[in-house]
Amino acid sequence: RLGGPGDSPAPSPPRPGGGVLQVRILAAHSLVNKDTGLFGDVSDPYVAATLGGRTFKTASIQNSLNPVWTSGNEFTFPLTDDAGTLRLEVMNSNMFRDDTLGHTSVGLCHLAPGCWHKRRDKLEGV
């Protein structure tokens with residue numbers, strides 16, 4: 001699980017061959033601007049969270065290089081024996097084609113089951 005202190009969801013069951021991973025996207029900081037920058041126009045970020053071929057997306061936050069998500073930011077992934085890495089990609093929402101603002105990955109083997117883990121990782125591919 002990813003999240004923060006004081007979070008209320010009940011612990012998930014341990015994983016061998018089952019269980020779930022609950023992910024809560026909180027914020028991004030100091031993102032690169034991929035928009036024109038004219039008249040204050042900056043990136044419109046959202047996060048795509050992918051695990052085991054399943055992807056969930058947050059809503060786009062308009063014109064922000066330091067977005068904070070307060071709703072539509074919690075996702076539950078079913079775990080299988082082959083689910084090994086959670087990929088989080090921050091994207092810039094555009095009219096025709098979205099572009100990446102960076103990504104990070106979290107190996108599930110590094111997460112203790114049944115508790116929340118708060119992480120702040122530097123994005124790669126920026």
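It should be emphasised that the depicted structure is a prediction, and the values quoted were computed from it without experimental measurement. Just the heavy atoms: all of them, side chains too, but no hydrogens, waters or symmetry mates, feed the values below.
Side-chain contact between V23 and L51 is absent, with no heavy atoms from C-beta onward closer than 4.5 Å. Side-chain contact between N66 and L31 is absent, with no heavy-atom pair separated by less than 4.5 Å. Under the 4.5 Å side-chain criterion, counting only non-hydrogen atoms from C-beta, Q22 is in contact with W116. Residues V32 and S43 are not in side-chain contact: their nearest non-hydrogen atoms beyond the backbone lie 4.5 Å or more apart.
Separation of atoms CZ (R120) and OG1 (T104) is listed at 12.5 Å; rounding is to 0.5 Å. Atom-to-atom distance recorded for S93:OG and L101:CG is 10.5 Å, nearest 0.5 angstrom. One finds the CG atom of D99 at 5.0 Å from the CG atom of N94 (value rounded to the nearest 0.5 Å). In this structure, the separation between OG1 on T76 and CG on L21 is 8.5 Å, given to the nearest 0.5 Å.
Applying the salt bridge (charged side-chain N to carboxylate O under 4.0 Å, His left out) rule to D121 yields the partners R119; only residues at least two apart in sequence or on another chain are considered. By the side chain to side chain donor-acceptor pair (under 3.5 Å) test, S60 pairs with no residue at all, sequence neighbours left out. With sequence neighbours excluded, the residues forming a side chain to side chain contact (heavy atoms under 4.5 Å, CB included) with A27 are H29, V68, listed by chain and number. Legend: residues meeting ring pair (Phe, Tyr, Trp, His ring centres under 6.0 Å) with F56, ordered by chain and number and at least two apart, are F75, F77. For the salt bridge (charged side-chain N to carboxylate O under 4.0 Å, His left out) test, residues two or more places apart in sequence or in another chain that qualify with R87 are E89.
Contacts classified as ring-ring contact (aromatic ring centres under 6.0 Å, His included) and involving residues 81-109 (residues at least two apart or in different chains) are not found.
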